[in-house]
Amino acid sequence: MPNPSARTRPTSPHLEIYRWQIGNSLSILHRLTGIALALGLPTLCYWLVSLAGGEQSYRAAAKLLGSPAGVFALIGWTFAFLYHFLNGVRHLFWDAGYGFERAQRHASGWFAVLGSIALTLCVWGLIFAGHRS
Amino acid sequence: MSLRSPLGRVLGLGSAKDGTAHWWAQRVSAVALIPLTLWFMFSLLALPALDYATVRTWLSFPLSGFFAVLLLGVLTYHSYLGTTEVIEDYVHSAGMKVLSLLLLRFLYVLVCGAGIFAILRVAFGSSGS
């Protein structure tokens, strides 16, 4: 098969030509949080395997995930999940044909961003509050 | 009359006949993940603590184990569809693309398989250590 890149072809404008605004930023963030969550999947499986392995291995996993770096990563994954969830629902509405007006797009976009930040704070507030009691 | 050029036909370019399958599978798994991920998040938040005994007891309930297996399966599928798309978009050389897609597929099966097996071990009560 000939190498398609051997000849110089006209190229279409790529990402860097567009002005940054909420629409494309949130689209990129959706993909980034998706990649982050893909890295969270092996972590979730590691936690489950440690649970099946018995008390000792579970303690080791809990210690790792409960370390400052572990908690930092878990908070990041919580935000990534909640954002990907809310923005994903936004995409599903679009797929069904709703919410395409400019005002609606902006409102739902801000809802996804601020909502996921607020919910992340709620979830971790609950966790830290539970720890103290 | 075909709109395909003779060169395109020789090179095997053109429709692969599955244009919407990937897109559709991504949406369907996304819809399935709405209740499954919510169940998982609220279940963990509702537990009084996340120590070994509590989590193990929770996951050994039949319904918890069942939903956990479904969650992990659909999650892996959805994540696989997404990261596949990322590799297809950004890895340009044909050899590297095939290699990384193969590696990705093996990794997903390995990780998800280990996770599901762990849930089943807890569910069917073989105690570790």
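Each chain gets a letter, A, B and so on, in the order its sequence line appears, and its residues count up from 1.
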Select one option (side chain, backbone, both, neither) describing which atoms of [X] are under 4.5 Å from chain A's heavy atoms.
X	answer
B:Phe42	neither
B:Thr76	both
B:Leu107	neither
B:Tyr108	side chain
B:Leu59	side chain

Side-chain heavy atoms under 4.5 angstrom apart, residues restricted to Ile, Leu, Val, Met, Phe, Trp, Tyr: same cluster for [X] and [Y]?
X	Y	value
B:Trp58	B:Leu50	yes
B:Met96	B:Leu101	yes
B:Trp23	B:Val28	yes
A:Trp47	B:Phe61	no
B:Tyr77	B:Trp39	no

Starting at [atom1] of [X], measure out to [atom2] of [Y] and round the result to the nearest 0.5 Å.
X	Y	atom1	atom2	result
B:Arg27	A:Asp95	CZ	CG	4.5 Å
A:His91	B:Gln26	NE2	CD	9.5 Å
A:Cys45	B:Leu75	SG	CG	8.5 Å
A:Tyr58	B:Arg56	OH	CZ	11.5 Å

Task: Contact residues of residues 29-43 of chain A (partner chain B; heavy-atom separation under 4.5 angstrom) - done: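 The stretch touches chain B at A:Arg31, A:Ile35, A:Ala38, A:Leu41, A:Pro42.
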Open item on the list: So if I take each residue of residues 98-120 of chain A and look for any heavy atom under 4.5 Å from a heavy atom in chain B, which residues do I end up with?
Closed with: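 So no residue qualifies.
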Task: Option in B:Ile119, B:Thr83, B:Leu45, B:Ile34 with maximal non-hydrogen atom pairs under 4.5 Å from chain A - done: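 The option with the most such pairs is B:Ile34.
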Task: Residue, of B:Leu33, B:Asp89, B:Val31, that accumulates the most heavy atom pairs under 4.5 Å with chain A - done: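 Of B:Leu33, B:Asp89, B:Val31, B:Asp89 has the most heavy-atom pairs under 4.5 Å with chain A.
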What part of [X] is in contact with chain B, defined as an atom under 4.5 angstrom from a non-hydrogen atom: side chain, backbone, both or neither?
X	result
A:Tyr46	neither
A:Val89	side chain
A:Leu82	side chain

- [ ] Could you walk me through whether B:Ile116 and A:Leu48 pass side chain to side chain contact (heavy atoms under 4.5 Å, CB included), step by step?
- [x] CA-CA 8 Å; B:Ile116 287 179; A:Leu48 288 168; over 6 Å; no
- [ ] Measure across B:Tyr52 and A:Leu51 and return the closest heavy-atom pair with its distance rounded to 0.1 Å.
- [x]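 Reported closest heavy-atom pair: CE1-O, 3.5 Å.
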- [ ] Report the C-alpha separation of A:Val49 and B:Phe117 in whole Å, then their side-chain angles, then the decisive distance to 0.1 Å, and conclude whether the side chain to side chain contact (heavy atoms under 4.5 Å, CB included) test is met.
- [x] CA-CA 8 Å; A:Val49 168; B:Phe117 185 61; over 6 Å; no
